[in-house]
Amino acid sequence: MKNSMATKLIAMYMASSFIVLASFALIVQYAIKHHFYAQDYQLLNSKFLTVAATLDDLQSNSSPALTENFTYLWVINHDGALTYSNSNQPLPPALSHQNALEWKEGGESYRGFRFKIKHPQYDAIVLAVNTGYHNSFINELDIVLIWTFLISSLISSVYAIFTVKKGLAPLQGLQSYLNNINTRQLDIRIPSNDLPVELSQLVETQNKMLDRLQCGFNRLSEFSSDIAHELKTPLTNMMTQTQVALSSARTIDEYQDILGSNAEEIERLNKTIRDTLYLAKSENQLLHSNKEPLTLAVIIQPLIEYYELLAEDKNVTIDIVELNLTEGGTQFGDKQMLQRAISNILSNALRHCDSNTAITIQLSSDDNFNVIKIINTGEPIPASSLPYLFDRFYRADKSRKHTSSVGAGLGLAITKSITQAHGGNISVSSIQRVTAFSLMLKKDGM
């Protein structure tokens, strides 16, 4: 059986009520008994003063103080022997040396006190009263307290059940909201305005979790759709070309052209799959990285030499400029990962820059970060595309799909993940045909 929070709260409330009520009953009982004890002592003490004043004439006089509300009197000499008693009631042996005593005899209850006196013949006076009336009152009070305890406990239990159910009612409303949440309704949010403070904090945390789940689910849905589209296009192209080739006899050159076209489509598929796998490993920190001290200019120079050959067709130059570079631009990181990230930016810059322009790579640093800024002049990136530029499969120009490159829109997403793996981030600006990508890398690569 599962633990019930409501049952625990009711049990705790009832236990607390029982303890409070029982404590109250015991305190009342103790207070009454203590009151009777003090009352008896005060009564007998006043009678002791009267008896002590007439002690020498005690055997010849009957003191009104003793006959009113009959009081038992015993006088003890210095030898501890009883020398006088006003009744046939025997003196309890304990009172010969104790100052106070309660006892029962013959079905009656008594309370007595021993008063020490200074007298040449007598040592002490013992006075006692019958406490039957007190005991009867206490017994009746006990019955009243027991019934009060039982009735109060019953009322407290009913109130506890009502209070707990009413107090936990918001949880039932919370449960109804949560039951409505599914993969098709991840936009449901739980209102927290009318909830108690303790639950409102929980609900706010729950809503934030739902925001993350919705964002992740939407990204997964978009990723599934995008990758299906990216894989479908080259497969469709290959299927169409193959069917056309099989529809009639072809020459060897025609078959070679078809096979070459299929090889390009296969290469595009292969690159998409490799990039997707690389990105998944990078985002889940599954990539093996070999971080070591590097010099930014040194790892960038081979990339410049490679892309300068490609840039000759557009008469584009690639320049590297060092600005406020401290420690010689030393960067702790993975050489291959950083070269891949920079290569993706250079490839995009070269693809979209104007002919007869320059691509500038600026290197700068501060106390904690190295900054690589790649600037090109050419067709601008629409402002509406800037927030999504580093999303997987996103393309600012939709018409470029499968035309001038074999990319699948994963390059910038990979660059961002590599930058974040080195404790940094990437940003982009595109103003008046000047586009600049800034890679900020933490020097220690952590």
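Only this structure's heavy atoms are used, side chains among them; waters, hydrogens and symmetry mates stay out.
In this structure, Gln29 contributes its side chain and Phe24 its backbone to no donor-acceptor pair below 3.5 Å. Between the side chain of Gln339 and the backbone N or O of Ile299, at least one donor-acceptor pair lies under 3.5 Å. Not a single donor-acceptor pair under 3.5 Å links the side chain of Thr295 to the backbone N or O of Ala297. Formation of a donor-acceptor pair under 3.5 Å by the Asn270 side chain with backbone atoms of Ile266 is not found in this model. Using modelled atom types, one side-chain atom of Thr236 and one backbone atom of Lys232 make a donor-acceptor pair closer than 3.5 Å. Proximity of a side-chain donor or acceptor of Ser152 to a complementary backbone N or O of Phe149 within less than 3.5 Å is not detected.
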*Just do the ring pair (Phe, Tyr, Trp, His ring centres under 6.0 Å) check on Phe36 and Phe137 with the steps written out, would you?*
CA-CA 10 Å; Phe36 283 149; Phe137 179 85; 5.6 Å; yes
*asked:* For a side-chain contact (heavy atoms from CB on, under 4.5 Å) check, start with the C-alpha distance between Phe390 and Val428, then their side-chain angles and the critical distance, and finish with the verdict.
replied: CA-CA 10 Å; Phe390 300 101; Val428 59; 3.9 Å; yes
*Which is it for Gln89 and Glu105 under the side chain to side chain donor-acceptor pair (under 3.5 Å) test, yes or no, and what are the steps along the way?*
CA-CA 9 Å; Gln89 182 71 27; Glu105 187 174 334; 3.2 Å; yes
*Begin with the C-alpha distance, continue with both residues' side-chain angles, and end with the deciding distance and a verdict on side-chain contact (heavy atoms from CB on, under 4.5 Å) for Asp40 and His134.*
CA-CA 10 Å; Asp40 290 342; His134 295 341; 3.0 Å; yes
*Could you walk me through whether Asn344 and Thr415 pass the side chain to side chain donor-acceptor pair (under 3.5 Å) check?*
CA-CA 7 Å; Asn344 287 338; Thr415 299; 3.2 Å; yes
*With side-chain contact (heavy atoms from CB on, under 4.5 Å) as the test, would you mind laying out the steps for Lys33 and Ile138 before giving the verdict?*
CA-CA 8 Å; Lys33 288 183 177 180; Ile138 291 174; 3.6 Å; yes
*Yes or no on salt bridge (charged side-chain N to carboxylate O under 4.0 Å, His left out) for Lys443 and Asp367, after CA distance, side-chain angles and deciding distance?*
CA-CA 8 Å; Lys443 286 184 177 181; Asp367 293 338; over 6 Å; no
*Stepwise, does the side-chain contact (heavy atoms from CB on, under 4.5 Å) test hold for Phe113 with Leu127?*
CA-CA 6 Å; Phe113 296 94; Leu127 294 171; 5.8 Å; no
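Heavy atoms only, all atoms of each residue included: Leu338 and Gly333 are closest at CD1-CA, 4.4 Å. The heavy-atom pair separating Pro380 from Thr435 by the smallest distance is CA-OG1, 4.3 Å. In this structure, Asn130 and Gly132 approach most closely via the heavy-atom pair OD1-N, 2.7 Å. Smallest separation of non-hydrogen atoms from Tyr307 and Ile318: CB-CD1, 3.6 Å. Closest of all the heavy-atom pairs between Leu95 and Arg114 is O-CD, 2.8 Å. In this structure, Pro293 and Phe332 approach most closely via the heavy-atom pair N-CD1, 3.7 Å.
Using a 4.5 Å heavy-atom cutoff, the side chains of Asp123 and Lys116 are in contact. Taking 4.5 Å as the limit, some side-chain heavy atom of Ile76 sits within range of a side-chain heavy atom of Leu91. Contact check for Ile361 versus Leu346: side-chain heavy atoms found under the 4.5 Å cut-off. Two residues are said to be in side-chain contact when any heavy atoms from C-beta on lie closer than 4.5 Å; Thr131 and Glu102 fail this criterion. Residues Lys165 and Ile10 are not in side-chain contact: their nearest non-hydrogen atoms beyond the backbone lie 4.5 Å or more apart. Contact check for Arg212 versus Met209: side-chain heavy atoms found under the 4.5 Å cut-off. In this structure, Val129 and Tyr110 have side chains that are not in contact, with every pair of non-hydrogen atoms separated by 4.5 Å or more. At least one side-chain heavy atom of Leu412 sits less than 4.5 Å from a side-chain heavy atom of Phe437.
Checked for salt-bridge contact, Asp334 and Lys291 miss the test: no charged N lies under 4.0 Å from a carboxylate O. Contact check on Asp211 versus Arg189 returns a salt bridge, with a Lys/Arg side-chain nitrogen under 4.0 Å from an Asp/Glu carboxylate oxygen. Between Lys416 and Asp391 there is no salt bridge, since no side-chain nitrogen of the basic residue lies less than 4.0 Å from a carboxylate oxygen of the acidic one.
Inspection of the Tyr13 and Ser157 side chains reveals no N or O donor paired with an N or O acceptor under 3.5 Å. For Lys104 and Ser109, the side-chain atoms include no donor-acceptor pair closer than 3.5 Å.
The CD1 atom of Ile125 lies 4.0 Å from the CD1 atom of Ile117; values are rounded to the nearest 0.5 Å. For the atom pair CG of Leu350 and CD1 of Ile374, the computed distance is 11.5 Å after rounding to the nearest 0.5 Å. Between Leu73 atom CG and Asn86 atom CG the span is 5.0 Å, to the nearest 0.5 Å. Atom CE of residue Met14 and atom CG of residue Leu154 lie 8.5 Å apart, to the nearest 0.5 angstrom. Note: Ile375 CD1 to Ser429 OG = 8.0 Å, rounded to the nearest 0.5 Å. Distance CD1/Ile372 to OG/Ser364: 9.5 Å, rounded to 0.5 Å.
Applying the side chain to side chain donor-acceptor pair (under 3.5 Å) test between Arg433 and each of Thr357, Asp354, Thr377, Asn376 identifies Asp354 as the sole match. Here the rule is side-chain contact (heavy atoms from CB on, under 4.5 Å) with Leu363, and of Asn370, Val321, Ile300 only Ile300 fits it.
Taking the six-membered ring for Trp and the full ring otherwise, the centers of Tyr41 and Phe48 sit at least 6.0 Å from each other.
Below 30°, between 30° and 60°, or above 60°: for Tyr37 and His34 the angle between ring planes is below 30°, a parallel geometry. Ring geometry, Trp74 versus Tyr72: the interplanar angle falls under 30°, so the pair is classed parallel (tilted spans 30 to 60°).
Annotation for Gln336: atom CD does not count as buried by contact number, only 12 or fewer foreign heavy atoms lying within 6.0 Å.
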